[in-house]
**Student:** 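Dumping the structure here so I can ask a few things about it.
Predicted model only: the values in this text are computed from it and were never measured.
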Amino acid sequence: MGERSAAAQSRTERDVGQWQPTLQYSEQSMPYYLMAETKGKFDFAIDRGGTFTDVFARCPDGREKVLKLLSHDPQNYKDAPTEGIRRILEEETGRVFPRDQPVDSSMIGWIRMGTTVATNALLERQGERTALLVTRGFRDLLHIGTQARPRLFDLEVAFPELLYEEVIEVDERVVLQQEGCQVPGREAKSIVTGSTGDVLEVWRELDLQRVERDLKGVLSRGITSLAVLLLHSYTWSAHEQAVGSLARRLGFTQVSLSSEVMPMVRAVPRGYTVCADAYLTPKIRQYLRGFASGFRGGLKDVNVLFMQSDGGLTPMDQFCGSRAILSGPAGGVVGYALTSYSQAEKKPVIGFDMGGTSTDVSRYAGQFEHVFEATTAGVTLQAPQLDINTVAAGGGSRLFFRSGLFVVGPESAGAHPGPACYRKGGPLTVTDANLALGRLLPSFFPRIFGPGEDEPLSSEDTMKRFRQLTREINHFLSTGQSHAISHRGAHGNSGHGQGSKAEMSVEEVAMGFIRVANEAMCRPIRALTQAKGHDTSQHVLACFGGAAGQHACAIAHSLGMKTVFIHKYSGVLSAYGLALADVVEEVQEPCSLQYEARSFPELDRRVEQLTLSCQEALRNRGFGSSQITTEVFLHLRYEGTDCALMVTASGHPGNAHSCQSGDFRTAFTKRYLKEFGFTIPDRTIVVDDIRVRGSGKSGLKSMIRARIGRGPPRPIKVTQCYFDDGYLDTSVYLWDELSCEHSIRGPAIIIDKNSTILVEPCCVAQMTAGGDLCIAVGSDQLSMLGTELDTVQLSIFSHRFMSIAEQMGRVLQRTSISTNIKERLDFSCAVFGPDGGLVSNAPHIPVHLGAMQETVQYQIRAIGNDLKEGDVILSNHPSAGGSHLPDLTVITPVFRKGVSGPIFFVASRGHHADIGGITPGSMPPHSTSLQQEGAVFTSFKLVTGGVFQEEAVTNALMAPAQYPGCSGTRNLHDNLSDLRAQVAANQKGCQLVSELIDCYGLDVVQAYMGYIQSNAELAVRDMLKDFARRRRQERGSLEVEAEDQMDDGTVIKLRVQINEEEGTAVFDFSGTGTEVWGNCNAPRAITFSALIYCLRCMVGQDIPLNQGCLTPIKVIIPSGSILQPSQSAAVVGGNVLTSQRVVDVIFRAFEVCAASQGCMNNISFGSERSGYYETVAGGAGAGPGWHGRSGVHSHMTNTRITDPEILEKRYPVILEHFSLRPGSGGEGKEAFHTTLRSPWWGARSRRMNLLHRTDGRILNLGAKTTVNLESGDMFCLYTPGGGGYESVDKDQEEGNGSSPPIKRRRPCEAFPERGSVFEYRRVQESV
C-alpha cells in the first residue's frame, strides 16, 4: 500500500532490451528455464489482483515488457487483463487496437493468468446461488463444522455466512463394515467395496424419485448450482454419481460432487470444499467467458492457462473454484522460488510479499511446500494449496496507541480512504510512518491521490496526524497512567525501573510503529520455519510486493538472516512467476492400505494407473514425453495417530524392501524425525491417500541479462531519512541506472518503478549479473536500552516474550508423542517472573489462563531455596494450582551466573491421556476422591541436577494402583515421552530467556517484564473505571451481583464491589455452596482462569494475558466451598463443567451477555480395545446487539469434534443424526437495541440424555451416569442451548445501558488470515 513509485517520468512500461545475456549470478549457478517459444508472437503472463493487474509480456524479438494498471477502472476499460494486452500490442506493433472492439488474437502465442476472482467472491460472498444435498440426518453438519468458535475472546460468536442457501436431505446411507460388529435390525441391502479397499454396507438405497422432486423444487426457486455431500462417498461414490447424473439431466448448470472435487476422508472439510466449488466455479466460468469475449475468435487458437492454488497451471476450461483460491499469490511463490533458490548452494528461501492490506510469508527449499487443508474466509478447503501464510500487516495496516502499547493492525485503511497521505481523510498507517521518516519520496510517486485523483502524496496530512498522535502519547507519558506502569517496573521487579522516558518526537513515534510492525511480521516467519525444525537464520529473504522493500533489511536483521534478494521484477513477480510455472495435472485417490510388503503390489498397481492418467492428460495438452515428469506422493501416518505427512520418495529410490516408486518408509521416518524429533519404529505406517503430480515443463528461460557498467553508481539526490540514530544523509538511486558491478552502502534508497527499497545502515546492496538486487545484511551494535519505560520497547518486548512461549510450544508439539499433545495440541507454555507472576502465555487455552501462575507460585513457597540449577518440578495437585490431574505441569527455574536465585521461570502444562485412576482416560464421571482420578504430584522433582528421574516418576505414575478399584497409568511410555518433551520445551524457554538477557541485560528484561504486566493491569483498570462510571450514572451503586446453580442445586454466588477512582474491584464468592460429594468441585485456579478469561473478553481488545490482569482484582473464595474444596476432593468435573458456570455468573453480574450452555457435554465410551472422549457443543448466549449462536462451544472450552467419517472408521459406532434442535435456545429478543437498560436472562434449554434400547425401551439417563451398552443400543445426546437477552424496561431512553460496550469484530471486518501458522493457532485455540 503506497510503496509504488513512478521513477523515470512515471513510466508504466519497462524496456529491458539493453541487458546482455550471461549465466553468472553472485558466482553461483542459478536456474535456467525454457519456455516453448511461440516465434513471431507475443506471450503474456498476467496477475489480476484485487487492486492492481500486473502484466509481463515477451515480445517476438525477445524483449520483455511489464505493465501495471488498475484492476477496476470501468470508466476506461471493461477488463484489466484484456486492456493490458491491448496496450502492449498497440505500442509494440504501432497498430490501433480500439477499446470497443475485440482484440485481434492472431499475434498472441499464449496467455497465463492468476486471478483473485474466486477469492474476492468468497470473501464478499458474491458466488452463485447454491443448494447442498446431504445424507439425511446431517443437514446442519456444515453449520456446526468443527464446533469450535473462530475467535476465542469474542462474545459474539460470528461466522461468515454459509455458501449454500438451501439443504436437501437424501434418504441414503452407507456404513463401513467392521469385523465382528453387528447391529441388530440393520440388514445390509447390499455389500460393496470402495476405492480404498474398504468394505461397505448399503443400509438405505438412494431414493431417486424423492431426490428428483426435491431438485425440481430447488430449480423452480432459481437455484442452478448444486453441491453433493454423501457420507463415505470418498471411497464409494455410486450414490453421488447417480445424483449428479440426475441433476445435470434436470438442468443444473453446475453440479459438484465431493467424490470428484476431493476424494479424501472427513466429511466436514470435504463438504466445505464441494460447496466452494459449486459456489465459485460458475463465477469463474462467467469471468472466463467475459475475458474470452474480449478477443476476436474467443481465444480458441490461443493457449490460455490459469494458475491454481497448488502453484501449477491448468487449461482455462478446467479451472474450478476449489482450486482457485490462491491463484494470485501462487504466482509470486513460483516467481521467487525459481529465481532466488540456488540449486548449487541449496540455501532455503523465505518469500516475503508485503502488500497494502497484508503480508504473505512462505518457504521454498527445492520443493514447493503444500498444505492439504486450509481455511480462507471461514471456509476450510480440502485441496492441495501452497503453504502461503497471510498475516494482517501491510502498508495500509492502521496504527493505534492503546493503554501504553504501540499496536499495528489488524485493521486496514484499505484502498478507500487509504492511508492519511492519500488525501482522502484516511487514518495513520504503516505507509504514513515510512513517509514521516523520509523513507518514501512523494516526488517519485504519480499524481493519483486526493478526491480528484490528480494530486501527489501528502506529507502534510501525514505529519498533521502524527503530531496529534504524538501529543496523545506524550500526554499518556506525563500522566499517572504511565507512572503507574513504570512504578510497577521499579518496585515490582527488583527496583530496576527508573520511571518513564521523556517526551517522544514525531519521528520517534513513527519509528516505533515501524519497529512494532516489523516484529509482528517476524513472528510468523519464526513459526513457519521452526515448526518443521528449521533454523530461521539460515534462510535467504526474498522480497516482493510494493511495500516489502521498505522493511526487508530490518526484518532480515531481526531474524538473523544475512541475505535479502529482490528480483528485478519484484513489483510484478506474481505475473513473472506465471511465465516460469509448469502446467500441472494432479490425480489423487483415497487408500486404506498399510505400508508393508504384502501391500506393495497393490500400491504399485494404483500408482502406475494414476501416473499413466497424468501422462495421458499432459500429452493431450501437447506435451512430449521429454517434457513430462511425474512425482508420486503417499499420505502416510503412524497407525493410531492423526498426524499424516504427504511424502515424496525423492532421493530414496525403490529397493527390495519398498514399493517400486520409492522407499517411502525411509522418506517418511526421516521427515517425521526432522519435524517431530522422534519416530515410532514398532508402529505400523498407514497409507491414507495416493497422489501423483504430473508436470509439463514449459517455463520461460530466465533471460539473465547484465547492464554494461560505466563508472560508480551516481545518486540522483541525497535526502534525510530517520533511523535509530536519528536523521542520516541517505543517497537516492534509480534502479534502472545501476549496473551489475555497482555496490551501494546503506543508508540508501533505491527506487524502482513499482517499489521503493530501503538499504539500512550496516547493509550493502549489490546489483547482480541478472539485474537483481542482493543485499548483505550486516550486524550493527544494539543501542543501549535503559530500564526506564520506553513505550515502543514495551510493545516489542510484548512480542518477544510471547514469541518465547510460542517457540516453547513448537518444541513441545514436535517432540511429544501422544495424540492429545502432538495432534490436539492440548497444552500451554508460559514465562513467569522471579515472583512466579505470569508474563506471557501461549496459546490461550482459557482453562489454563492464570492457573499455571498459581502452580509456579506454590512451588516458590513450598521449595524456595531448595530449587537448584538443573532441577525441574512436576505438579498437578489442585491445591498447588492444578486444574485437574491429567494436566501435568512441568516447571523449570532459569538461573543466571552471579545471581543467587531464579531470575525467571518457564513452564509447560500438557493434558496426558491417562495417569491412572478408576477409569481409562483418568476422567471418571463418578469419582468422589482425588485418589480415584489418578496419580498426584505436588512438588515432585522430575529432574534433579540435570538427571531425569525416570524410576521415581514411574513409581509415582503407577502408585494409584494401591487404592481400591484403581489402576496405575495405562500408558506409561507416552507419559514418560511427553514429560521429556515438556522438559525439552522448558529448556528451549530457558535458552531463549537467556539470549534475551544477553542482548539487553537482566535489569532491562526484568524491568520490561514488569511494564508488560502493568500494561495489562492498566487495560483492566480502564475497563472497570468505564463500567463504574456508567453504572453510577444509571443506578447510583457500584456493586453488582449474580448467582447461578449447578444441576444439584449448589449455588455459585458472586458480589462485585468496584472502586471507580482506582479502577479496582473485589470479587467476593461468599455464599457459594459447599464442597460437593462428587467431582464438580473446582480448584481455586479454575476460578482465576475463568476470571482472566472474562476480563479479557470485557476489555474487548488484544492485551497481554498475564499477572497484571488480576492485579486490580481482589478475589474472595470461601474455603471448603465448591470453588475451593479440600485437598482430597474430586475435581475432574470442575474443570469441564463448574468453570462454565463461573463464567456465566461473572458475565451475568456485569450484564454483558446471556448465559451459555453452562457445561461442556462430556461423553466417553470404550471397551478393552478402544476408547473415545469428546466434548460436544451446545449454544452461546445472545447479547446487546447480537444473536446467540447454535452448535458451537463457548467460553472455557473450544474443542474440535471428531469428523463423522473418522468416528465411524475408527470406532465400532454409527452416527445416525447430527444436527441442531430447532427452538432449543433460550427465549428472548435478539436485542439489536444496543443501549438496553437491564437484560433479561432467558433460561438456557435443558440437556437430555436418552438411551434407546433394542427392545424398544427409551431410558432417561439423567445428567451424569455410566451405563453398559449392548449392540444395537442408541444413545441420544441433546445438548443445551444458550440464553436469550432482553430488555426489562423497553421504554427506557437509549444510552442508559450499564453493560460494558464490548468491542466486537464483525466477520467482514476481521482480517482473513490463512496458512499453516494460522491453522496451528486455530487448533491450539480449539482445545
**Student:** Compare every heavy atom of Pro150 with every heavy atom of Phe159, then report the nearest pair and how far apart it is.
**Tutor:** CZ-CD, 3.4 Å
**Student:** CG/Leu838 to CD/Glu854 distance, rounded to the nearest 0.5 angstrom?
**Tutor:**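 Nearest 0.5 Å value for the CG-CD distance: 11.5 Å.
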**Student:** Return the OG1 to CG distance between Thr1197 and Leu1137, rounded to the nearest 0.5 Å.
**Tutor:** 11.5 Å
**Student:** Any idea how His1195 and Phe1147 line up, ring-wise: parallel (<30°), tilted (30 to 60°), or perpendicular (>60°)?
**Tutor:** tilted
**Student:** So, do Phe1067 and Leu1054 sit near enough that their side-chain heavy atoms are less than 4.5 Å apart?
**Tutor:**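 With C-beta onward as the side chain, the pair touches.
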**Student:** For Arg1189 and Ser1194, which I'm curious about, is there any donor-acceptor pair between the side chains at under 3.5 Å?
**Tutor:**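 Result is no, nothing qualifies.
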**Student:** Quick one: closest heavy-atom pair of Ala1085 and Gly882, and the distance?
**Tutor:**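 Distance-wise, the nearest heavy atoms are CB-O, 4.0 Å.
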**Student:** Taking the side chain as every heavy atom from C-beta outward, state whether Pro1280 and Cys1159 have any pair of such atoms under 4.5 Å apart.
**Tutor:** yes
**Student:** Kindly indicate, with the supporting measurements, whether the criterion side-chain contact (heavy atoms from CB on, under 4.5 Å) is fulfilled by Thr1138 and Ile1086.
**Tutor:** CA-CA 9 Å; Thr1138 311; Ile1086 294 293; 6.0 Å; no
**Student:** With a 3.5 Å distance limit and no angle check, can you tell me whether Asn1249 reaches the backbone of Leu1277 through a side-chain donor-acceptor pair?
**Tutor:** no
**Student:** Within the 4.5 Å heavy-atom criterion, are Lys1025 and Asn1059 side-chain neighbours or not?
**Tutor:**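 No, their side chains stay 4.5 Å or more apart.
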**Student:** With sequence neighbours left out, write down each residue that passes salt bridge (charged side-chain N to carboxylate O under 4.0 Å, His left out) with Arg1029, or none if nothing qualifies.
**Tutor:** Asp1026
**Student:** Mind checking whether Phe153 and Tyr1093 have parallel, tilted or perpendicular rings, split at 30° and 60°?
**Tutor:**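 Tilted, since the angle between the ring planes falls between 30° and 60°.
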**Student:** Enter the distance from Thr1279:OG1 to Arg1221:CZ here, rounded to the nearest 0.5 Å.
**Tutor:**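 With rounding to 0.5 Å, OG1 (Thr1279) is 6.0 Å from CZ (Arg1221).
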**Student:** Can you name the nearest heavy-atom pair linking Ala1065 to Leu1024, along with the distance?
**Tutor:**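 Shortest heavy-atom separation between Ala1065 and Leu1024 comes out as CB-CD1, 4.1 Å.
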**Student:** Please walk me through it: do Tyr1278 and Val1176 pass side-chain contact (heavy atoms from CB on, under 4.5 Å)?
**Tutor:** CA-CA 10 Å; Tyr1278 299 90; Val1176 185; over 6 Å; no
**Student:** Please identify which of these residues, Asn1162, Asn1161, Thr1202, meets the side chain to side chain donor-acceptor pair (under 3.5 Å) condition with Glu1174.
**Tutor:** Thr1202
**Student:** Return the CD1 to OG distance between Ile1052 and Ser1121, rounded to the nearest 0.5 Å.
**Tutor:** 9.0 Å
**Student:** Give the C-alpha distance, both sets of side-chain angles, the deciding distance and a yes or no for side-chain contact (heavy atoms from CB on, under 4.5 Å) between Ile144 and Leu1220.
**Tutor:** CA-CA 8 Å; Ile144 300 168; Leu1220 303 179; 4.0 Å; yes
**Student:** Is it the case that Asp887 and His911 place a side-chain donor and acceptor less than 3.5 Å from each other?
**Tutor:**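 A donor-acceptor contact under 3.5 Å links the two side chains.
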**Student:** Between Ser840 (side chain) and Phe801 (backbone), is there a donor-acceptor pair under 3.5 Å?
**Tutor:**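 Checked: pair present.
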**Student:** Of all heavy-atom pairs between Asn1135 and Met1160, which one has the smallest distance, and what is that distance?
**Tutor:**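 Of all heavy-atom pairs spanning Asn1135 and Met1160, the closest is O-CE, 3.6 Å.
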**Student:** Could you verify whether a donor N or O on one side chain and an acceptor N or O on the other, from Thr855 and Thr889, lie under 3.5 Å apart?
**Tutor:**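 Result is no, nothing qualifies.
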**Student:** So do Met1023 and Leu1095 actually touch side chain to side chain, heavy atoms under 4.5 Å?
**Tutor:** yes
**Student:** Give a yes or no answer on whether the side chain of Arg1141 reaches the backbone of Gln1045 with a donor-acceptor pair at less than 3.5 Å.
**Tutor:**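 Such a contact is found between Arg1141 side chain and Gln1045 backbone.
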**Student:** Would the distance check show the side chain of Gln147 and the main-chain N or O of Thr1175 forming a donor-acceptor pair, the cut-off being under 3.5 Å?
**Tutor:** yes
**Student:** Side chains of Arg1200 and Thr146 only: does a donor on one sit below 3.5 Å from an acceptor on the other?
**Tutor:** no
**Student:** To the nearest 0.5 angstrom, please state how far the SG atom of Cys1097 sits from the CG atom of Leu152.
**Tutor:** 7.5 Å
**Student:** If I compare all heavy atoms of Val1051 with all of Gly1071, which pair ends up nearest, and what's the gap?
**Tutor:** CG1-O, 4.3 Å
**Student:** Would you confirm whether Gln1124, through its side chain, and Arg1084, through its main-chain N or O, come within 3.5 Å as a donor-acceptor pair?
**Tutor:** no
**Student:** Distance check, rounded to the nearest 0.5 Å: Lys1053 atom NZ versus Asp1068 atom CG?
**Tutor:**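 With rounding to 0.5 Å, NZ (Lys1053) is 9.5 Å from CG (Asp1068).
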**Student:** Is it the case that the side chain of Arg1055 and the backbone of Ala1042 share a donor-acceptor pair, with hydrogens and angles ignored and the cut-off at 3.5 Å?
**Tutor:** no
**Student:** Any chance CD of Glu1061 has more than 12 other-residue heavy atoms, nucleotides or ligands included, within less than 6.0 Å?
**Tutor:**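 Counting neighbours around CD of Glu1061, 12 or fewer heavy atoms of other residues, nucleotides or ligands fall under 6.0 Å, so no.
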**Student:** Kindly indicate whether the side chain of Val379, heavy atoms from C-beta on, has any atom under 4.5 Å from the side chain of Leu163.
**Tutor:** yes
**Student:** So, Glu1041 side chain and Gln1057 main chain: donor-acceptor pair closer than 3.5 Å or not?
**Tutor:**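 A pair under 3.5 Å: no.
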**Student:** Could you tell me whether Arg1031 sits above the aromatic face of Phe1027, with NZ or CZ closer than 6.0 angstrom to the six-membered ring centre and within 45 degrees of the axis?
**Tutor:** no
**Student:** Does the side chain of Ser1156 come under 3.5 Å of the side chain of Asp1144 through a donor N or O and an acceptor N or O?
**Tutor:** yes
**Student:** Donor-acceptor check, side chain of Gln1013 to backbone of Gln1107, threshold 3.5 angstrom: yes or no?
**Tutor:** no
**Student:** Are the side chains of Asp154 and Arg149 in touch, meaning some heavy atoms are under 4.5 Å apart?
**Tutor:**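 Side chain of Asp154 against side chain of Arg149, heavy atoms only: no contact under 4.5 Å found.
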**Student:** Identify the heavy atoms of Leu399 and Thr429 that sit nearest to each other, and give their distance.
**Tutor:** CD1-O, 3.3 Å
**Student:** Any heavy-atom pair between the side chains of Ser828 and Met852 that's under 4.5 Å?
**Tutor:** yes
**Student:** Give the C-alpha distance, both sets of side-chain angles, the deciding distance and a yes or no for side-chain contact (heavy atoms from CB on, under 4.5 Å) between Ile1116 and Ser1070.
**Tutor:** CA-CA 7 Å; Ile1116 300 173; Ser1070 297; 4.0 Å; yes
**Student:** Using modelled atom types and a 3.5 Å cut-off, is there a donor and acceptor pairing between side-chain atoms of Tyr272 and backbone atoms of Leu142?
**Tutor:**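 Yes, Tyr272 side chain to Leu142 backbone: donor-acceptor pair under 3.5 Å.
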**Student:** Quick one: does any side-chain atom of Asp1203 pair with a main-chain N or O of Val268 as donor and acceptor, under 3.5 Å?
**Tutor:**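 Present.
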**Student:** Please tell me if the side chains of Val407 and Val516 come closer than 4.5 Å, counting only heavy atoms from C-beta onward.
**Tutor:** no
